[in-house]
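A short write-up of the structure that comes next.
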Amino acid sequence: ADIFIDATGTAGPMPNCITHGTGCAMCVLRCPTFGGRVSVAEKAGVKELAGRKGDQIGAVSGSCKLLKESLSPEITSALEAKGVAVIPIPEAQRVKGKLAMKACQQYSGSAFEENIILLNTGHAKLMSPFYPLDALREIPGFKNARYEDPYAGGRGNSIRYIGMSPRNDALQVEGIDNLYCGGEKAGLLVGHTEAICTGTLAGYNAVRHVTGEKALVLPASLAVGDAITYVRTRMGEEGGLGLKYTFSGSVYFDRMKELGLYSTDVMEIGKKVAAAGLTGVFAEKSKPRPAGN
Ligand SMILES: Cc1cc2nc3c(=O)[nH]c(=O)nc-3n(C[C@H](O)[C@H](O)[C@H](O)COP(=O)(O)OP(=O)(O)OC[C@H]3O[C@@H](n4cnc5c(N)ncnc54)[C@H](O)[C@@H]3O)c2cc1C
């Protein structure tokens with residue numbers, strides 16, 4: 001039988017950015033050119049979930065990129081030397097209230113409202129969901145600032161976390177036998193690392209489904225296994241759809257530390273994986289179903 005993995009993300013399409021945001025922010029997804037996100041799960045009849053906090057359905061993507069060349073030489077050199085630049089915003093020019101709505105809770109402390117925080121990612125990554133261009137250009141060093149992504153970052157950003165699939169901890173979508181999901185489709189887990197972890201597991205289990213082998217559920221003794229189960233559980237509870245979960249900060253990072261799951265010691269992590277009997281699990285060759293089955 002065919003097997004499908006839905007990794008179509010949760011950002012956009014344009015009607016969601018118009019209804020729940022400030023309109024199309026002209027982000028990197030380029031919906032007007034390539035067409036908006038199309039959820040495989042929704043097409044298959046799955047009733048999907050949306051994040052929500054207060055009146056906000058979904059969440060506003062949490063950062064933008066400025067063209068590095070459009071910033072002052074002092075800011076560009078600081079970024080290139082240190083990878084980060086923190087520029088205090090004069091009190092009168094602070095734009096209040098935009099941080100509460102952002103998708104990346106770990107970057108929503110007051111420091112992000114009182115300062116322009118830039119990271120050198122090639123361009124200058126602005127750790128704010130948007131910043132009105134007129135106000136930004138008032139700040140010393142930003143007189144000629146230009147947005148690289150989204151182009152309308154002076155006004156808003158893309159809306160995400162609408163269209164998540166209900167799923168089990170093997171990442172099989174509820175109600176559809178031959179559909180698995182990874183990345184943001186698998187829930188309110190924000191980030192590339194998180195998408196790599198869930199996408200790898202979804203792909204692995206999809207192959208096992210085809211070969212007739214039992215799906216792998218990662219144990220709670222590993223951060224990835226705990227996160228997959230925890231996020232699914234929290235999304236079914238009061239208030240759980242209002243939070244975001246990531247290995248890089250905020251509520252899930254606190255939980256990892258509390259449970260002793262947080263470590264950057266590769267040897268220690270390897271021992272935990274070995275104790276769970278999972279060393280090299282993704283490198284194992286699958287055992288194809290015998291012909292005729
Ligand atoms: C501005 C911004 C900054 C970020 N910064 C960071 C960061 O610094 N670190 C970090 O870890 N995370 C960051 N994130 C979060 C991270 O990018 C996402 O959580 C992650 O990319 C989600 O991966 P995904 O594969 O689920 O979805 P996506 O990355 O959205 O990928 C889904 C893809 O599927 C395509 N697609 C949709 N429908 C279809 C279809 N029917 N057929 C084919 N293709 C389709 C879409 O066009 C898209 O390319 C950032 C996100 C944003 C928006």
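No hydrogens, no waters, no symmetry mates; every other heavy atom, side chains included, goes into these values. Counting starts at 1 for both ligands and their atoms, following the listed order.
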Q: Any chance you could lay out the side chain to side chain contact (heavy atoms under 4.5 Å, CB included) test for Leu201 and Leu216, step after step, and finish with the verdict?
A: CA-CA 8 Å; Leu201 183 63; Leu216 173 66; 4.0 Å; yes
Q. With distance as the sole criterion, is a donor-acceptor pair present between the side chains of Ser39 and Lys185 under 3.5 Å?
A.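 There is such a pair (donor and acceptor under 3.5 Å, judged by atom type) between the side chains of Ser39 and Lys185.
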Q.
Assess, by modelled atom type and distance only, whether the side chains of Asp6 and Thr8 contain a donor and an acceptor separated by less than 3.5 Å.
A. yes
Q) With a cut-off of 6.0 Å (strictly less than), are more than 12 heavy atoms of other residues, nucleotides or ligands near CD of Glu48? A) yes
Purely on distance, is any nitrogen or oxygen of [X] under 3.5 Å from one on ligand 1?
{"X": "Asn157", "value": "no"}
{"X": "Asp149", "value": "no"}
{"X": "Leu189", "value": "no"}

For [atom], which of the options [options] provides the nearest non-hydrogen atom?
{"atom": "atom 22 (C) of ligand 1", "options": "Lys65, Lys185, Glu184", "result": "Glu184"}
{"atom": "atom 4 (C) of ligand 1", "options": "Lys125, Met127, Glu42", "result": "Lys125"}
{"atom": "atom 46 (C) of ligand 1", "options": "Leu29, Thr193, Val28, Val190", "result": "Leu29"}

Element-labelled atoms of ligand 1 that are located less than 4.0 Å from some non-hydrogen atom of [X]:
{"X": "Ser61", "result": "53 (C)"}
{"X": "Gly183", "result": "26 (O)"}
{"X": "Ala195", "result": "23 (O)"}

**Q.** Carboxylate-amine/guanidinium contact Glu237 Arg234, below 4.0 Å
**A.**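 Yes, Glu237 and Arg234 are salt-bridged.
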Q.
Please determine whether a side-chain nitrogen of the Lys or Arg among Arg167 and Asp169 lies less than 4.0 Å from a carboxylate oxygen of the Asp or Glu.
A.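 Yes.
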Q) Mind checking whether Ala11 has a heavy atom under 4.0 Å from ligand 1? A)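 No.
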Quiz: residues 135-143 side-chain donor-acceptor pairs under 3.5 angstrom, not counting sequence neighbours:
from, atom 1, to, atom 2, distance (Å)
Arg137, NE, Ala145, O, 3.0
Arg137, NH2, Ala145, O, 2.8

Q) Quick one: does ligand 1 sit under 4.0 Å from the side chain of Glu194, the backbone, both or neither, non-hydrogen atoms only? A)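 None of Glu194 does.
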Q: Would you check if the side chain of Arg146 reaches a backbone N or O of Leu67 as a donor-acceptor pair within less than 3.5 Å?
A: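 No: the side chain of Arg146 does not pair with the backbone of Leu67.
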